[in-house]
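Chain A is the first sequence line, chain B the second, and so forth, proteins listed ahead of strands; every chain is numbered from 1.
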Protein chains: 2
Amino acid sequence: MANSVFSALGHPLRRQVMALLRKGPKTSGELAEAFDASWPTVSRHLNVLKEADMITAERQGTSILYRANTSVLEDAAASILALIGQDNGDDDDYKEAAE
Amino acid sequence: MANSVFSALGHPLRRQVMALLRKGPKTSGELAEAFDASWPTVSRHLNVLKEADMITAERQGTSILYRANTSVLEDAAASILALIGQDNGDDDDYKEAAE
DNA sequence: ATCAAAATTAGCGGTCAAGCTAATTAAGAA
DNA sequence: TTCTTAATTAGCTTGACCGCTAATTTTGAT
């Protein structure tokens, strides 16, 4: 969902995780070592990304492999562009519409 | 900056404000009436958007006109696409890089 | 069964976001 | 000046987020 994806992107560490995963899957340990933050802290950020469906986790023996889910990011970019597109969505009243 | 833009997009009311402003400038009052939230609440959301440089405010007599700043959203969309692009940014170590 | 490594969960303290009502500023009209 | 309307700021409460250390789970090896 849009809320969780944009909120997840709001933290620089999480954007950097996505940038790292762009180049291929990585284990939690590899990701944790790439940052100054403690391992539990990185792990929690990974969980935020997973909740937003931006990454997938797969057990690989003793480690867990994370992969980026690029389609969610494509959708996010598209929804931003829709916000500034000229195609007219002509309703003006958002009362009761907020989640 | 990326942090504030994505965080701002994390709230549905703020995305809806941007969607409304896509169709032309509006006063704070017009925006406040479009939502269920109280006027002060909407006003604070507008301030978040302004801090993120996503809108501009201009006094117009007794009202204040808000306009969308589309270039910031274009940049945001581009930076998401960069996160999933194939062009190789070959550094793997984000230690000390987090803000 | 035991041990070590990988990773998450629990728990704590501090800060920040979100909503409201009430009070205050700013501008224009009478 | 005084009054009304537009909008923000102030103050408060609630809940979420962020970082850490310590404890727990899970897997695989001995």
Side-chain angles (χ1 to χ4, degrees), chain A residues 1-18 20-21 25-68 94-99, chain B residues 1-18 20-21 25-68 94-99:
Chain A
M1 183 227 281
N3 278 0
S4 52
V5 173
F6 288 126
S7 298
L9 287 172
H11 197 291
L13 189 146
R14 292 192 289 255
R15 286 197 303 277
Q16 288 160 357
V17 167
M18 296 308 292
L20 282 177
L21 291 182
K26 295 216 175 350
T27 66
S28 178
E30 290 176 307
L31 291 169
E33 282 193 0
F35 297 95
D36 255 353
S38 71
W39 198 338
T41 293
V42 173
S43 183
R44 199 162 43 112
H45 284 298
L46 291 174
N47 197 50
V48 171
L49 292 170
K50 197 168 66 178
E51 289 296 314
D53 202 32
M54 295 164 70
I55 59 175
T56 60
E58 181 195 352
R59 186 122 228 165
Q60 202 81 3
T62 173
S63 301
I64 293 184
L65 259 197
Y66 284 96
R67 278 180 236 271
Y94 285 92
K95 280 179 182 170
E96 307 284 341
E99 307 163 32
Chain B
M1 183 224 284
N3 277 0
S4 51
V5 173
F6 288 125
S7 297
L9 287 171
H11 197 291
L13 188 147
R14 290 192 291 253
R15 286 197 303 278
Q16 289 161 356
V17 166
M18 296 308 293
L20 281 178
L21 291 182
K26 295 215 175 348
T27 66
S28 179
E30 289 175 308
L31 291 169
E33 281 193 2
F35 297 96
D36 255 354
S38 71
W39 199 338
T41 293
V42 174
S43 182
R44 200 163 42 112
H45 283 298
L46 291 175
N47 197 51
V48 171
L49 292 170
K50 197 167 66 175
E51 288 296 314
D53 202 31
M54 296 164 71
I55 61 175
T56 59
E58 180 196 353
R59 188 121 225 166
Q60 203 81 1
T62 174
S63 301
I64 294 184
L65 259 196
Y66 285 96
R67 277 180 237 271
Y94 286 90
K95 282 181 182 170
E96 309 283 341
E99 307 164 30

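For the OP1/OP2 pair of dA6(D) and a distance below 4.0 Å, the side-chain nitrogens and oxygens of Tyr66(B) include no atom meeting the criterion. Phosphate contact (OP1/OP2 of dA6(C), side-chain N/O of Thr27(A), threshold under 4.0 Å): absent. The side chain of His11(B) contributes no N or O atom lying less than 4.0 Å from OP1 or OP2 of dC16(C). OP1 or OP2 of dT8(C) has at least one side-chain nitrogen or oxygen of Ser28(A) nearer than 4.0 Å. Put simply, Arg14(B) has a side-chain N or O that comes within less than 4.0 Å of OP1 or OP2 on dA18(C).
Between Asp36(A) atom CG and dC18(D) atom C1' the separation is 15 Å, expressed in whole Å. Across the protein-nucleic acid pair, Ile55(A) atom CD1 and dT8(C) atom C1' stand 13 Å apart, rounded to whole Å. For Leu65(A) and dA6(C), the CG to P distance is 14 Å, given to the nearest whole Å. Rounded to whole Å, the distance from CD1 on Ile64(B) to P on dT25(C) is 16 Å. In this structure, Gln60(B) atom CD and dG28(C) atom P are separated by 11 Å, rounded to whole Å. The interatomic distance linking Arg59(A) (CZ) with dT25(D) (C1') rounds to 9 Å, in whole Å. Atom C1' of nucleotide dC17(D) and atom CG of Asn3(B) are separated by 14 Å, given to the nearest angstrom. Rounded to whole angstrom, the span from the CD atom of Glu51(A) across to the P atom of dC18(D) amounts to 14 Å.
Taking every heavy atom of residues 40-49 of chain B and every atom of DNA chain D, pairs under 4.0 Å involve Pro40(B), Ser43(B), by number.
Taking CD1 of Ile55(B) as the reference point, atom CE of Met18(B) lies at 7.0 Å (rounded to 0.5 Å). In this structure, CG on Leu9(B) lies 8.0 Å from CG on Leu49(B), to the nearest 0.5 angstrom. A distance of 11.5 Å separates CD1 of Ile64(A) from CG of Leu31(A), quoted to the nearest 0.5 Å.
Between Thr56(B) and Glu58(B), every side-chain heavy-atom pair lies at or beyond the 4.5 Å cut-off.
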**Message:** As a quick check of understanding, evaluate side-chain contact (heavy atoms from CB on, under 4.5 Å) for Met54(A) and Val48(A), giving each step before the final call.
**Reply:** CA-CA 9 Å; Met54(A) 295 164 70; Val48(A) 171; over 6 Å; no

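In terms of position on DNA chain D, the residue among Ala37(A) and Trp39(B) whose nearest nucleotide sits closer to the 5' end is Trp39(B).
Residue Ala52(A) comes nearest to Val5(A) through the heavy atom pair O-CG2, 3.8 Å, listed as atom of the first residue, atom of the second, then distance.
Counting non-hydrogen atoms under 4.0 angstrom, Ser38(A) reaches a base of the nucleic acid.
The aromatic rings of His45(B) and His11(B) are tilted relative to each other, their planes meeting at an angle between 30° and 60°.
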